[in-house]
Amino acid sequence: MTWLTWTALYIVAIVAYYFFSKKLFNEQKNVDPRFYGGLLQVAVGVVAIVPALFEGWYFVWNQTTILWLVVVAIVYTIGPSLYYTGLKHTHLSVTTTLDAVGAVYALILGTAILHEPLNWHKVLGAGLILLAVMVVAGKNSSFSKLTKYEILLLIAPIFYVIGSIADKTLIPYTNASSYVVVSFLVAGLTMTGVNLPRLKKVGVESIINKKFLGTLVVSGVFIAVAAYSMYRAFILGGD
């Protein structure tokens with residue numbers, strides 16, 4: 001499979017995970033989005049352990065990888081916290097479109113920091129994404145008309161893109177399945193720990209019911225597939 005094929009698989013899996021998460025938020029209003037995000041990342045790391053062992057565990061621990069894992073823990077705590085809060089209070093079609101602006105951030109940071117090549121195809125694609133954001137979100141060029149939740153959805157991808165830079169930097173020290181385990185457990189445990197005080201407000205009963213746990217597992221599988229696909233695309237040379 002080429003890096004483009006893996007990227008297409010990533011898109012399908014990520015949209016499926018968006019759908020099931022949004023469905024949970026619609027059906028259970030008392031679910032705390034930040035606590036859900038932390039547990040989901042932990043679930044992904046756990047789900048990925050079996051395929052990682054099957055493929056063969058490989059992760060090099062050194063000063064460089066530990067430093068970048070700190071970055072992973074920080075950005076994948078802040079980004080999902082903003083994202084899931086926005087997702088809970090915004091229509092799915094708007095959420096996924098606003099999230100796509102992350103590709104524009106990735107173009108800018110990928111070119112500036114990773115020195116990836118810039119061509120007219122990428123510029124055209126970025127322009128079309130920005131146009132889609134304005135059309136699907138039903139907004140004009142005035143960002144003052146965005147709701148606070150839509151603004152969160154525009155800010156969140158910045159942290160995801162910084163995380164992607166960390167991911168691409170760490171990939172040479174690991175393989176795709178092992179990195180899914182390491183990155184998601186590091187980020188998930190950090191995010192869950194930061195939001196642990198919210199457990200009193202959320203209530204244990206809201207996170208141990210069958211609907212919540214079922215969605216957590218299903219979403220965890222889809223996001224594990226998405227992450228693995230993205231890392232495979234990086235390994236095969238995708239920007």
Side-chain angles (χ1 to χ4, degrees), residues 9-55 57 59 69 71-88 92 95-96 99 156-157 159-160 163-164 166-167 170 174-232:
L9 179 59
Y10 160 79
I11 293 171
V12 172
I14 208 74
V15 170
Y17 131 73
Y18 287 158
F19 170 77
F20 285 106
S21 296
K22 179 61 176 176
K23 189 171 183 291
L24 175 67
F25 291 154
N26 287 346
E27 295 175 353
Q28 299 193 24
K29 302 297 184 182
N30 63 332
V31 171
D32 183 86
R34 282 169 281 184
F35 205 78
Y36 168 80
L39 291 179
L40 178 58
Q41 292 193 81
V42 173
V44 171
V46 173
V47 167
I49 289 176
V50 173
L53 294 176
F54 181 79
E55 182 179 354
W57 180 264
F59 189 89
L69 282 176
V71 176
V72 166
I74 294 172
V75 298
Y76 284 136
T77 292
I78 299 175
S81 295
L82 299 177
Y83 175 79
Y84 288 114
T85 302
L87 175 64
K88 183 173 182 177
L92 181 63
T95 299
T96 53
D99 184 60
F159 294 95
Y160 280 105
S164 294
D167 295 335
L170 285 165
T174 182
N175 58 35
S177 56
S178 298
Y179 186 58
V180 171
V181 176
V182 174
S183 61
F184 277 87
L185 283 181
V186 165
L189 291 173
T190 302
M191 187 173 179
T192 302
V194 168
N195 290 290
L196 200 57
R198 301 180 65 84
L199 187 58
K200 284 186 178 180
K201 178 181 178 181
V202 177
V204 176
E205 66 279 358
S206 69
I207 63 172
I208 60 174
N209 64 69
K210 292 181 179 179
K211 187 68 177 180
F212 182 91
L213 295 176
T215 301
L216 204 66
V217 172
V218 172
S219 296
V221 170
F222 277 114
I223 199 172
V225 171
Y228 180 82
S229 300
M230 181 175 70
Y231 302 150
R232 287 294 301 168

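All values below come from the heavy atoms of this structure, side chains included, with hydrogens, waters and symmetry mates left out.
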In Å and rounded to the nearest 0.5 Å, what is the [atom1] to [atom2] distance from [X] to [Y]?
X: Thr190; Y: Asn195; atom1: OG1; atom2: CG; answer: 11.0 Å
X: Met191; Y: Leu40; atom1: CE; atom2: CG; answer: 9.0 Å
X: Ser81; Y: Arg34; atom1: OG; atom2: CZ; answer: 6.5 Å
X: Phe54; Y: Ser177; atom1: CZ; atom2: OG; answer: 10.5 Å
X: Leu39; Y: Leu216; atom1: CG; atom2: CG; answer: 6.0 Å
X: Ile223; Y: Ser229; atom1: CD1; atom2: OG; answer: 11.5 Å

Polar side-chain atom of [X] near backbone of [Y] as donor-acceptor pair, under 3.5 Å:
X: Gln41; Y: Ser183; value: no
X: Ser164; Y: Tyr160; value: yes
X: Lys88; Y: Lys22; value: no

Given Leu69 and Leu170, is the side-chain contact (heavy atoms from CB on, under 4.5 Å) satisfied, shown in steps? CA-CA 8 Å; Leu69 282 176; Leu170 285 165; 4.0 Å; yes
Does a side-chain heavy-atom distance below 4.5 Å link [X] with [Y]?
X: Phe184; Y: Val47; value: no
X: Thr77; Y: Phe159; value: no
X: Val42; Y: Leu185; value: yes
X: Lys211; Y: Lys23; value: yes
X: Tyr17; Y: Val218; value: no
X: Ser21; Y: Leu87; value: yes
X: Tyr10; Y: Tyr231; value: no
X: Asp167; Y: Tyr179; value: yes

Just do the side-chain contact (heavy atoms from CB on, under 4.5 Å) check on Trp57 and Val181 with the steps written out, would you? CA-CA 10 Å; Trp57 180 264; Val181 176; 3.9 Å; yes
Which of parallel (below 30°), tilted (30 to 60°) and perpendicular (above 60°) describes Tyr84 and Tyr36? perpendicular
Evaluate the ring planes of Phe20 and Phe222, with Trp represented by its six-membered ring, and classify them as parallel (under 30°), tilted (30 to 60°) or perpendicular (over 60°). parallel
Minimum-distance pair of heavy atoms, taken over all atoms of Val75 and Gly163: CG2-CA, 3.6 Å
Could you report the tightest heavy-atom contact between Ala156 and Gly79, atom names first, then the distance? CB-O, 3.6 Å
Using a distance-only test with no angle check, is there a side-chain donor-acceptor pair under 3.5 angstrom linking Tyr228 and Asn175? no
